[in-house]
Amino acid sequence: MIGRTVLRVVGPLVPSVVVVVAAWWLALEAFGISPLVGKRPPQVWEYLAASQEHRDAVFGALGITVRDAAIGFASGMIAASVVAVAFVLFRTVEQTFMPVAMLLRSVPLVVMTPLITLVFGRDLVGVAVIGGIVVFFPALVNIAFGLRSASPQATDLILAYGGTRLTVLRKVAVPTAMPAVFASARISVPASIIGALIAEWLATGEGIGAEILRAIGGFRYDEVWADIVVVTGVSVLAYAVVGVVESLVLARFSDRREA
């Protein structure tokens with residue numbers, strides 16, 4: 001079952017990757033971009049394969065970015081889930097805080113990052129806040145909508161038998177919201193990487209984000225393109241992993257419902 005699920009999720013991504021790589025190559029050729037600046041796929045491969053030093057520079061920075069993205073993803077998804085549950089259970093909380101959340105969402109993250117850095121510092125706490133903000137708002141809307149999509153008939157049945165709103169949440173709303181939760185996770189995985197890169201550009205000075213800036217300043221365009229390709233590949237891979245987990249979990253929920 002796992003093998004079929006992986007094939008079903010990853011299979012459609014393969015031609016998409018081929019199309020993107022071909023478009024990258026053709027665009028550089030069509031616009032006449034010099035190979036000194038616009039690196040083609042073979043040049044990126046040659047750079048990574050040329051020496052262990054190159055691979056250490058790229059993948060060492062990548063490890064920091066993946067850590068930062070994972071922190072932002074986890075903090076944003078957890079916060080969104082908790083707030084979405086509070087919104088569903090207490091209407092007054094939503095009426096009070098949703099306008100504030102939307103107002104904060106309208107402020108560009110690049111503008112907020114210096115303030116976040118001043119308040120929370122440049123360590124992992126600041127990274128968690130910056131990455132969490134990118135993930136939080138889309139996930140909050142999706143999860144809250146999913147929790148409210150519970151069957152009215154099932155809700156009324158539980159309440160009629162003396163169940164509480166927490167029972168309805170646990171027995172009906174949360175299982176119903178699982179597709180929305182995983183949809184949020186799929187959206188949030190690439191977003192968390194973007195949040196990590198912003199944090200590295202403007203706050204921490206580490207990871208792929210900082211390495212790209214340093215490489216551009218040193219005219220090391222081979223390294224710039226290698227960094228971009230590798231972090232994009234990790235984003236696609238993480239998206240596929242979430243898709244596989246989603247298929248397996250939702251299939252398990254479906255089996256339980258049928259049972």
Side-chain angles (χ1 to χ4, degrees), residues 9 69-109 111-113 116 120 125 127-196 198-199 235 238-254 256-257:
V9 173
I71 293 171
F73 175 80
S75 59
M77 286 295 294
I78 292 171
S81 299
V82 172
V83 175
V85 169
F87 281 2
V88 171
L89 292 177
F90 309 104
R91 281 284 186 170
T92 54
V93 174
E94 180 180 13
Q95 294 170 356
T96 302
F97 291 103
M98 182 59 86
V100 177
M102 293 300 100
L103 179 63
L104 292 176
R105 182 68 181 88
S106 65
V107 180
L109 183 60
V111 175
M112 294 176 62
T113 297
I116 294 171
F120 297 99
V125 177
V127 170
V129 174
I130 295 170
I133 288 174
V134 176
V135 172
F136 175 79
F137 294 102
L140 172 62
V141 174
N142 281 335
I143 296 172
F145 176 79
L147 291 172
R148 290 201 176 95
S149 300
S151 168
Q153 293 81 6
T155 299
D156 293 340
L157 180 63
I158 291 176
L159 294 176
Y161 277 92
T164 64
R165 296 176 67 184
L166 287 176
T167 306
V168 172
L169 182 71
R170 183 168 56 89
K171 294 288 187 178
V172 180
V174 170
T176 302
M178 291 308 294
V181 171
F182 279 107
S184 300
R186 281 189 275 112
I187 295 171
S188 299
V189 163
S192 66
I193 294 177
I194 294 173
I198 292 174
S235 180
Y239 182 91
V241 169
V242 173
V244 171
V245 174
E246 176 186 11
S247 297
L248 294 173
V249 171
L250 294 185
R252 177 70 64 179
F253 268 90
S254 177
R256 289 180 178 177
R257 288 179 182 177

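Not measured: the values here are computed from a predicted model.
- Note: Thr155 OG1 to Arg165 CZ = 11.0 Å, rounded to the nearest 0.5 Å.
- Minimum interatomic distance between Ala69 and Ala196 (heavy atoms only, all atoms of both residues): N-CB, 3.7 Å.
- Met178 contributes atom CE, which lies 9.5 Å from atom CD1 of Ile143 (distance to the nearest 0.5 angstrom).
- Side-chain atoms of Ser184 do not come within 3.5 Å of backbone N or O of Asn142 as any donor-acceptor pair.
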What do the steps show when you test Val241 against Val189 for side-chain contact (heavy atoms from CB on, under 4.5 Å), and what is the final call? CA-CA 10 Å; Val241 169; Val189 163; over 6 Å; no
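- Atom CG of Leu140 is separated from atom CE of Met77 by 11.0 Å, given to the nearest 0.5 angstrom.
- We find the CD1-CD1 distance between Ile116 and Ile130 to be 5.0 Å, quoted to the nearest 0.5 Å.
- Other residues, nucleotides and ligands place more than 12 heavy atoms under 6.0 Å from the CZ atom of Phe137.
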Pairs under 3.5 angstrom only: tabulate donor-acceptor contacts from the side chains of residues 82-103 to other protein residues two or more places apart or in another chain.
| from | atom 1 | to | atom 2 | distance (Å) |
| --- | --- | --- | --- | --- |
| Glu94 | OE1 | Arg148 | NH2 | 2.3 |
| Glu94 | OE2 | Arg148 | NH2 | 3.3 |
| Thr96 | OG1 | Thr92 | O | 2.8 |

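- The structure places OH of Tyr239 at 8.0 Å from CD1 of Ile187, a figure rounded to the nearest 0.5 Å.
- Evaluation of the side-chain contact (heavy atoms from CB on, under 4.5 Å) rule for Glu246 yields Phe182, Arg186, Leu250 as partners, not counting sequence neighbours.
- The shortest non-hydrogen separation linking Leu159 to Gly163 is CD2-O, 3.4 Å.
- Of all heavy-atom pairs spanning Val168 and Ile158, the tightest one is CG2-CG2, 3.8 Å.
- To the nearest 0.5 Å, the span separating CG on Leu157 from NZ on Lys171 amounts to 12.0 Å.
- Val172 and Ser151 make their closest contact through CG1-N, 4.1 Å (heavy atoms, listed as atom of the first residue, atom of the second, distance).
- Nearest heavy atom pair, residue Val135 against residue Gly72, reads CG2-O, 4.0 Å.
- Residues passing the side-chain hydrogen bond (donor to acceptor under 3.5 Å, both in side chains) test with Ser149, sequence neighbours excluded: none.
- In this structure, Ser188 contributes its side chain and Ala191 its backbone to no donor-acceptor pair below 3.5 Å.
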